[in-house]
Number of protein chains: 2
Amino acid sequence: MYSGRLAAELPRAARVLMFKADGSVLIHSDGGSYKPLNWMSPPCSVSESTVEGELTFEVVNRGGELLTITVHEIHADYKHALGVDPGLIKDGVESHLQKLLAENLDALGDGLTLVRREYPTAIGPVDLLCKAAAGGSVAIEIKRRGEIDGVEQLTRYLELLNRDPLLAPVSGIYAAQEIRPQAKTLAQDRGITCVRVDYEVLKGLDDPSLRLF
Amino acid sequence: MYSGRLAAELPRAARVLMFKADGSVLIHSDGGSYKPLNWMSPPCSVSESTVEGELTFEVVNRGGELLTITVHEIHADYKHALGVDPGLIKDGVESHLQKLLAENLDALGDGLTLVRREYPTAIGPVDLLCKAAAGGSVAIEIKRRGEIDGVEQLTRYLELLNRDPLLAPVSGIYAAQEIRPQAKTLAQDRGITCVRVDYEVLKGLDDPSLRLF
DNA sequence: CCGTAAATGTCGTCG
DNA sequence: CGACGACGTTTACGG
């Protein structure tokens, strides 16, 4: 049973319980994706007791959320210390795309000059801020997948940036590997240019071994 | 190693591998929350082989995503069929809140009459559409936690609904159990009323055993 | 610690 | 199957 941000109950059945070194607990079924049926995230603490003859775990975190597990039968029990994990190394996420685009602005349009990446504003950082050859500025929002919320995000930035006389007029470019129809429609409605970019092609442009000149 | 929507690599270390009945695979470390370091979601298929003397699993899905796992050493290996899971029963999510508010519009304001829940528009359903006693309509967006994206969502609806002469003028109410300061500020800036609602109180109102009349 | 944005998000629902 | 929104989102990154 979980009680916290919502209340949830899990009927009795065979499950896999995983207790991690940091006190977190996962309750998995034999299907579904990686999300457990029920869980407690760290930081939290586990206490073990016997309630009415049954093994019971109580897992609590600082926010007062509580996960109570009653064990009716143990099919198997195994314990092993794994030690610290070196962690996952990723390639191809938004930050990589941003870096490559900053170095290859031609992929986005003609005559763009980079002002800076992660240009700070009061409502969050603009992925890329550029100067346009014709004058004025260009704010670029980059997504791996271009959905509607990215258009909203860029719209907020444009509204704010256009109040700055040193930057105005500021136009917008929405760059993504894939742009959803609804996002494209909303972007066009707001005068925002959509550009599809190809990560692999950009990476090729960036790879010195593939450069011809 | 994962290759698909991005590329990712996980250095050799002690881990927990979980193979589920539907072919999905999780690779967990001894910390962090419920998200595995690496994984493959169903539907997918697992093939097992020996590559250069080492046990290797290849997990593929229909989209051509590939997860390759090389096993250097097995500390423990356990298999058990769990059967079909009865699943988690939740209480306190947005749909409950929406239902309770539809039945207790007084909690949101005076003189409101429900037109319908999930009022359909071209850009998505409005949680609650009401008529105001003074004429015109009221669109209500409900969230468990009121953040900025909910204000954006409601703003889009209002813009669209106000184009409909049968509904206009349409004002907005943003109802949530908790409203973030930034969301409140943006809502006020756009003339949207914010209302904090208490799920437990509403549930009490709805509980027939607690009714006085 | 709060606030914002990204995510191999996942998960449900509805067309 | 795609589109869209909710999620106990989780996770990473700033200030």
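Predicted model, so just to flag it, every value in this text is computed and none were measured. In the text below, chain A, chain B and the rest are named by the order of the sequence lines, each starting its count at 1.
- Between A/E94 and A/G32, the residue anchored nearer the 5' end of DNA chain C, judged by the nucleotide with its closest heavy atom, is A/E94.
- Within the 4.0 angstrom heavy-atom criterion, no nucleotide atom of any strand lies near A/E147.
- B/E141 comes within 4.0 angstrom of sugar-phosphate atoms only, judged by non-hydrogen atoms across all strands, and of no base.
- Put simply, B/Q153 has a side-chain N or O that comes within less than 4.0 Å of OP1 or OP2 on D/dA6.
- Nucleic acid contact for A/Y34: sugar-phosphate only, since backbone atoms but no base atoms lie under 4.0 Å from a heavy atom of the residue.
- A/L97 places its CG atom 15 Å from the C1' atom of C/dT8, with the value rounded to the nearest Å.
- B/N104 contributes no side-chain N or O that, together with a main-chain N or O of B/A107, makes up a donor-acceptor pair within less than 3.5 Å.
- Looking at A/R196, its side chain does come within 3.5 Å of a backbone N or O of A/Q177 through a donor-acceptor pair.
- Residue A/I123 is classed as a sugar-phosphate contact, given heavy-atom separations below 4.0 Å to backbone atoms only.
- For the pair A/L10 and B/D85, the minimum side-chain heavy-atom distance is below 4.5 Å.
- The gap from the C1' atom of C/dC11 to that of C/dA7 amounts to 15 Å, rounded to the nearest Å.
- When rounded to the nearest whole Å, the span between CG of A/L26 and P of D/dT10 equals 12 Å.
- Residue-level contact check: A/D149 touches neither bases nor backbone, having no heavy atom under 4.0 Å from any strand.
- A salt bridge links A/E178 to A/R180: one of the charged nitrogens lies within less than 4.0 Å of a carboxylate oxygen.
- Proximity note for B/Y157 (side chain, C-beta onward) versus C/dT10, D/dA6, D/dG5: the nearest is D/dG5.
- With hydrogens and angles ignored, the 3.5 Å screen pairs no side-chain donor or acceptor of B/S24 with any backbone N or O of A/Y34.
- If you check every strand for non-hydrogen atoms under 4.0 Å, A/S95 touches nothing.
- Listed nucleotides: D/dG8, C/dT10, D/dC1. Nearest to the side chain of A/S33: C/dT10.
- Residue A/M40 is classed as a base contact, given a heavy-atom separation below 4.0 Å to a base.
- Atom CD1 in B/I179 sits about 14 Å away from atom P in C/dG3, given to the nearest Å.
- Within the 4.0 Å cut-off from OP1 or OP2 of D/dA6, not a single side-chain nitrogen or oxygen of A/R5 is found.
- Between A/I142 atom CD1 and C/dA7 atom P there is a gap of 11 Å when expressed in whole angstrom units.
- The shortest distance between the side-chain N/O atoms of A/K35 and the OP1/OP2 oxygens of D/dG8 is below 4.0 Å.
- Under 4.0 angstrom from either OP1 or OP2 of D/dG5 there lies no side-chain N or O belonging to A/R180.
- Separating the CG atom of B/L154 from the P atom of D/dA6 is a distance of 12 Å, rounded to the nearest angstrom.
- B/S137 contributes a side-chain N or O that, together with a main-chain N or O of B/L167, makes up a donor-acceptor pair within less than 3.5 Å.
- Contact annotation: A/R145 does not reach the phosphate of C/dA5 (side-chain N/O to OP1 or OP2, under 4.0 Å).
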Quick one: the dot-bracket string of DNA chain D, using Watson-Crick and G-U wobble pairs with both distances under 3.5 Å, [ ] for crossing pairs and | for bases paired to another strand. |||||||.|||||||
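- Remark: P of C/dT8 and CE of B/M1 are 16 Å apart, rounded to the nearest angstrom.
- Proximity of A/R156 to the phosphate of C/dT4: no side-chain N or O atom is located under 4.0 Å from OP1 or OP2.
- Distance CD (B/E65) to P (C/dT10): 9 Å, rounded to an integer number of Å.
- Each of A/P120 and A/A183 was matched to the nucleotide of DNA chain D holding its nearest heavy atom; the match closer to the 5' end belongs to A/A183.
- Between D/dG8 and C/dC14, the two C1' atoms lie 24 Å apart (nearest whole Å).
- Under 4.0 angstrom from either OP1 or OP2 of C/dT8 there lies at least one side-chain N or O belonging to A/K90.
- Of the options B/T113, B/L108, B/V170, B/I140, a side chain to side chain contact (heavy atoms under 4.5 Å, CB included) to B/C130 is made by B/I140 and by none of the others.
- In terms of modelled atom types and a separation under 3.5 Å, the side chain of B/T56 and the main chain of B/E54 share a donor-acceptor contact.
- Sorted by first and then second residue, the salt bridge (Lys or Arg N to Asp or Glu O under 4.0 Å) pairs with a member in residues 88-104 of chain A read A/D91-A/K203, A/K99-A/E103; sequence neighbours excluded.
- Separating the CD1 atom of B/I148 from the C1' atom of D/dG5 is a distance of 18 Å, rounded to the nearest angstrom.
- Note on B/S41: every side-chain N or O is 4.0 Å or more away from OP1 and OP2 of C/dT8.
- DNA chain C is contacted by both A/A122 and B/L6; A/A122 maps to the nucleotide lying nearer its 5′ end (nearest heavy atom per residue).
- If you check every strand for non-hydrogen atoms under 4.0 Å, A/L88 touches a base.
- In this structure, B/I192 and B/L158 have side chains that are in contact, with non-hydrogen atoms separated by less than 4.5 Å.
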